[in-house]
**Student:** 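Sending over a structure as structure tokens; questions will come in a sec.
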2 protein chains.
Amino acid sequence: MDDKTHRWCASRATVFKALGHPTRVFIVQELSKGEECVCHLTEKIGADISTVSKHLAILKSAGIVSDDKRGLQVFYKLRMPCVLGVFGCVDKIMAEDLRDRESLIR
Amino acid sequence: MDDKTHRWCASRATVFKALGHPTRVFIVQELSKGEECVCHLTEKIGADISTVSKHLAILKSAGIVSDDKRGLQVFYKLRMPCVLGVFGCVDKIMAEDLRDRESLIR
DNA sequence: ATACTATTTGGCTGTTTGGCAAAATACCCT
DNA sequence: AGGGTATTTTGCCAAACAGCCAAATAGTAT
């Protein structure tokens with residue numbers, strides 16, 4: 001793999017890596033309904049707020065979400081709605097896996 | 001986050017995690033052109049064959065590729081073509097980031 | 001300025017990942 | 001069976017990650 005290709009693949013991989021954690025998948029899912037403040041997300045997730053903040057920072061640096069400080073609170077929102085289409089494909093993969101497992105039983 | 005939601009998010013995250021490595025992104029890209037044997041992929045990647053084999057195992061267990069042993073060789077192929085659409089979204093995110101960085105300069 | 005609240009950052013620990021090399025496995029051929 | 005090739009598995013080490021706590025920062029209100 002030449003250097004240029006490697007950098008390209010690495011950039012893409014960064015986005016996927018950002019989505020590669022249950023909490024971060026959950027955050028994206030929640031944000032698909034509209035923007036949320038960190039405190040609200042933290043409640044729903046049920047982890048330490050510092051942990052949630054770090055997850056958000058990862059999503060942000062991958063370009064998946066953007067933040068907006070208003071008063072004391074910071075609101076995060078989805079920056080690229082196409083991520084939801086991505087979920088559609090991932091769900092298809094998961095469904096296919098399920099079918100494979102079932103066909104082993106039959 | 002309740003237990004059921006967590007399992008759901010974790011399944012999705014597994015697929016993303018599988019795509020979260022430059023080498024594995026490259027493999028998916030290559031396989032989009034058609035099936036390939038491990039040896040051929042290894043050549044293109046330029047890493048130890050055992051390393052490539054592990055990457056393929058990760059993609060396979062995530063349901064992204066499937067394998068087919070024919071004689072001595074094992075051929076891998078994309079199982080869900082929609083992954084390429086996913087790349088389209090990721091590329092959009094990357095392009096957006098680039099624009100943001102440029103807008104800082106202006 | 002002080003007190004208070006929301007969020008981020010730094011530091012620590014245990015866990016996971018990625019890579020190579022060596023050994024094991026699987027298949028073919030004679 | 002024995003030799004050769006393609007691939008996977010195992011063992012090991014260094015680097016990266018995830019989580020919590022405590023400390024730092026930023027904004028608001030008195």
Side-chain angles (χ1 to χ4, degrees), chain A residues 1 3 5-7 9-28 30-31 35-77, chain B residues 1 3 5-7 9-28 30-31 35-77:
Chain A
M1 197 177 356
D3 206 51
T5 307
H6 188 273
R7 276 198 302 277
C9 290
S11 304
R12 278 174 160 175
T14 302
V15 178
F16 288 121
K17 214 157 42 171
L19 292 168
H21 190 283
T23 300
R24 296 196 291 265
V25 167
F26 179 79
I27 290 172
V28 169
E30 283 303 308
L31 294 185
E35 65 169 19
E36 289 265 23
C37 67
V38 180
C39 52
H40 206 167
L41 284 171
T42 301
E43 255 179 46
K44 291 187 183 176
I45 292 166
D48 196 280
I49 188 172
S50 70
T51 302
V52 174
S53 177
K54 272 180 193 170
H55 282 306
L56 286 164
I58 289 168
L59 286 171
K60 184 184 163 189
S61 83
I64 298 165
V65 304
S66 61
D67 62 344
D68 180 22
K69 184 153 199 171
R70 296 204 291 275
L72 275 179
Q73 296 174 315
V74 179
F75 292 86
Y76 281 85
K77 69 172 179 228
Chain B
M1 196 175 0
D3 205 52
T5 307
H6 188 274
R7 276 197 303 276
C9 291
S11 303
R12 276 173 164 176
T14 301
V15 177
F16 288 121
K17 216 158 40 169
L19 293 168
H21 189 283
T23 300
R24 294 195 292 264
V25 167
F26 179 79
I27 289 172
V28 170
E30 282 303 306
L31 294 186
E35 64 168 22
E36 286 268 22
C37 67
V38 180
C39 52
H40 205 166
L41 285 170
T42 300
E43 253 179 48
K44 291 187 181 174
I45 293 166
D48 196 281
I49 189 172
S50 69
T51 303
V52 174
S53 177
K54 264 187 198 168
H55 283 305
L56 287 165
I58 290 168
L59 287 171
K60 183 184 164 191
S61 80
I64 297 164
V65 304
S66 61
D67 61 344
D68 181 22
K69 185 153 197 171
R70 295 205 291 275
L72 276 179
Q73 295 176 314
V74 179
F75 291 86
Y76 281 84
K77 69 173 178 223

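Just so it is clear, the structure is predicted and the values come from calculations on it, not from any experiment. All chains are named by letter (A, B, ...) in the order of the sequence lines, taking the proteins before the strands, and each is independently numbered beginning at 1.
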**Student:** Identify whether the distance between the nearest side-chain nitrogen and carboxylate oxygen of Arg70(A) and Glu35(A) falls below 4.0 Å.
**Tutor:**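 A salt bridge is present here (some side-chain N lies under 4.0 Å from a carboxylate O).
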**Student:** Grab the two heavy atoms, one from Pro22(B) and one from Cys9(A), that are nearest each other, plus how far apart they are.
**Tutor:**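 Smallest heavy-atom distance, with atoms named: O-CB, 3.5 Å.
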**Student:** Given atom CG of Leu56(A) and atom C1' of dT8(C), what is their separation to the nearest angstrom?
**Tutor:**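 Nearest whole value for this atom pair: 11 Å.
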**Student:** Is Arg70(B) touching bases, backbone alone, or none of the nucleic acid, heavy atoms closer than 4.0 Å?
**Tutor:**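 Here Arg70(B) touches no strand at all.
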**Student:** Under 4.0 Å between a side-chain N/O of Thr51(B) and OP1 or OP2 of dG19(C), yes or no?
**Tutor:** no
**Student:** Report the relative orientation of the aromatic rings in Phe16(B) and Phe16(A); use parallel for angles under 30°, tilted for 30 to 60°, perpendicular for over 60°.
**Tutor:** parallel
**Student:** Which nucleotide span of DNA chain D, 5' end to 3' end, has atoms closer than 4.0 Å to non-hydrogen atoms of chain B?
**Tutor:**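 Boundary nucleotides touching chain B, in 5' to 3' order, are dT5(D) to dG11(D).
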**Student:** Between the side chains of Lys77(B) and Glu36(B), is the shortest nitrogen-to-carboxylate-oxygen separation below 4.0 Å, so that they form an ion pair?
**Tutor:**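 A salt bridge is absent here (no side-chain N lies under 4.0 Å from a carboxylate O).
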**Student:** If you look at every strand shown and take non-hydrogen atoms under 4.0 Å, does Tyr76(A) touch a base, only sugar-phosphate, or nothing?
**Tutor:** sugar-phosphate
**Student:** Any salt bridge linking Lys69(B) with Asp67(B)? Criterion: basic side-chain nitrogen under 4.0 Å from a carboxylate oxygen.
**Tutor:**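 Judged by the 4.0 Å cut-off on N to carboxylate O distance, Lys69(B) and Asp67(B) do not form a salt bridge.
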**Student:** Do any of residues 10-22 of chain B sit with a heavy atom less than 4.0 Å from DNA chain D, and if so which?
**Tutor:** none
**Student:** At under 4.0 Å between heavy atoms, what does Lys54(A) touch on the DNA or RNA strands: base, sugar-phosphate, or nothing?
**Tutor:**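 It contacts base atoms.
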